[in-house]
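Single-structure report; data block below.
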Amino acid sequence: MNYNKFMDRNTVCLQGLNIDTFDINSALEYACNISGQVVTLNPEMVINAGKNPAFASIINKAELVIPDGVGVELGLKILGHNVKRIAGIEFSRKLIDLYAKAGRSIAFVGAKPEILEKAIQNLKAETPEIEVAYAHDGYFKDDEQILSELKNVNPALVFVALGSPKQEEFIAKAKTIIPAALMIGVGGSFDVWSGVVQRAPKIYQVLCIEWLYRTVKDPKRFKRIFPTLPLFVLKVFKEKLFGRV
Ligand code: UDP
């Protein structure tokens, strides 16, 4: 992968995962100069990686790992690292503008067909320079077919919205097929860009409690968030006191 020779990664370790410490502007600049995989890491993914070594390995082989959300920021703070979170959706939206303005093509893979279509339509209305190289919904059976179509269009940037760990696994495979592309797993971002799901109001964002808003709006998430967040904090405290065991 072709790294920007003026910028070096500086990573810190949380639960055996290496996380970059760039601020958002440096992360964007770095991302624009590399190819490979960007992971937007949240506590749920950290817990999953602890149970799934193949997933942990994908994260540690990624070219950029950004701390997405207040949970990872807090975890790093407990370990004594002051790293500011970078919201994956904001990072991705800014990447779109940078790539569009540079005339570099973008592919979108994931979400339901109507969500995907609406998201692209809204993005194009905001940033008419976007060159959409490829779009496919996220409900496909055959990865190989999508990968071969991506290879044909050879996009510069690929957003993959399949939820985690599916999207990270897909990107890890895609890296060998389209090595020149930058690829990022974006979870529910297409749903937000489509306008069907609202991002939390600013006040929740400022108070770092977007997760609370999302859980209240979609109580199904409660089951997902609530065993995970306390377990995450507990594991990080254990790491601080006893190291990784
Ligand atoms: N999704 C998909 N294919 C699948 C499973 C999920 O395209 O097989 C899409 C789903 O429609 C949604 C996105 O993946 O747009 C993210 O899902 P989720 O809300 O689980 O993501 P997260 O909470 O991890 O951001």
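Computed from heavy atoms alone, side chains included, the values below leave out hydrogens, waters and symmetry copies. Nothing here was measured: the structure is a model prediction, and the numbers come from that model. Each ligand, and each atom within it, is numbered from 1 in the order the structure gives.
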Here the pair of heavy atoms bringing Pro155 nearest to Leu150 is CD-O, 3.4 Å
Indicate yes or no: does an N/O atom of Gly110 lie under 3.5 Å from an N/O atom of ligand 1?
no
Indicate, as side chain, backbone, both or neither, the part of Glu44 found under 4.0 angstrom from ligand 1 when only non-hydrogen atoms are considered.
neither
If you measure every N/O of Gly138 against every N/O of ligand 1, is any gap under 3.5 Å?
yes
Pair Arg9 + Glu63: basic N to acidic O under 4.0 Å:
no
Geometric class of the Phe22/Tyr30 ring pair [parallel <30°, tilted 30-60°, perpendicular >60°]:
tilted
With no hydrogens and no angle check, do the side chains of Gln121 and Glu117 hold a donor and an acceptor under 3.5 Å apart?
no
Any atoms of ligand 1 less than 4.0 Å from a non-hydrogen atom of Asp191? List them with their elements.
12 (C), 15 (O)
For ligand 1, does Leu162 get within less than 4.0 Å through its side chain, its backbone, both, or neither, judged by non-hydrogen atoms?
both
Would you mind telling me which of Asn42, Leu41, Val46, Ile47 makes a side chain to side chain contact (heavy atoms under 4.5 Å, CB included) with Glu44?
Asn42
Tell me whether Gly188 has any N or O atom under 3.5 angstrom from an N or O of ligand 1.
yes
Would you check if the side chain of Gln205 reaches a backbone N or O of Ala200 as a donor-acceptor pair within less than 3.5 Å?
yes
Phe190 to ligand 1, any heavy atom closer than 4.0 Å:
no
Given Gly163, Pro113, Ala119, Gly88, which one has a non-hydrogen atom that is nearest to atom 17 (O) of ligand 1?
Gly163
Looking at non-hydrogen atoms alone, which of Ser164, Ala161, Ala111 comes nearest to atom 14 (O) of ligand 1?
Ala161
Using heavy atoms and a 4.0 Å limit, tell me yes or no: is Lys166 in contact with ligand 1?
yes
State plainly whether the residues Arg214 and Asp218 are in salt-bridge range, i.e. N to O under 4.0 Å.
no
To which protein heavy atom is atom 24 (O) of ligand 1 closest, and what is the distance rounded to 0.1 Å?
Arg224 NH2, 3.5 Å
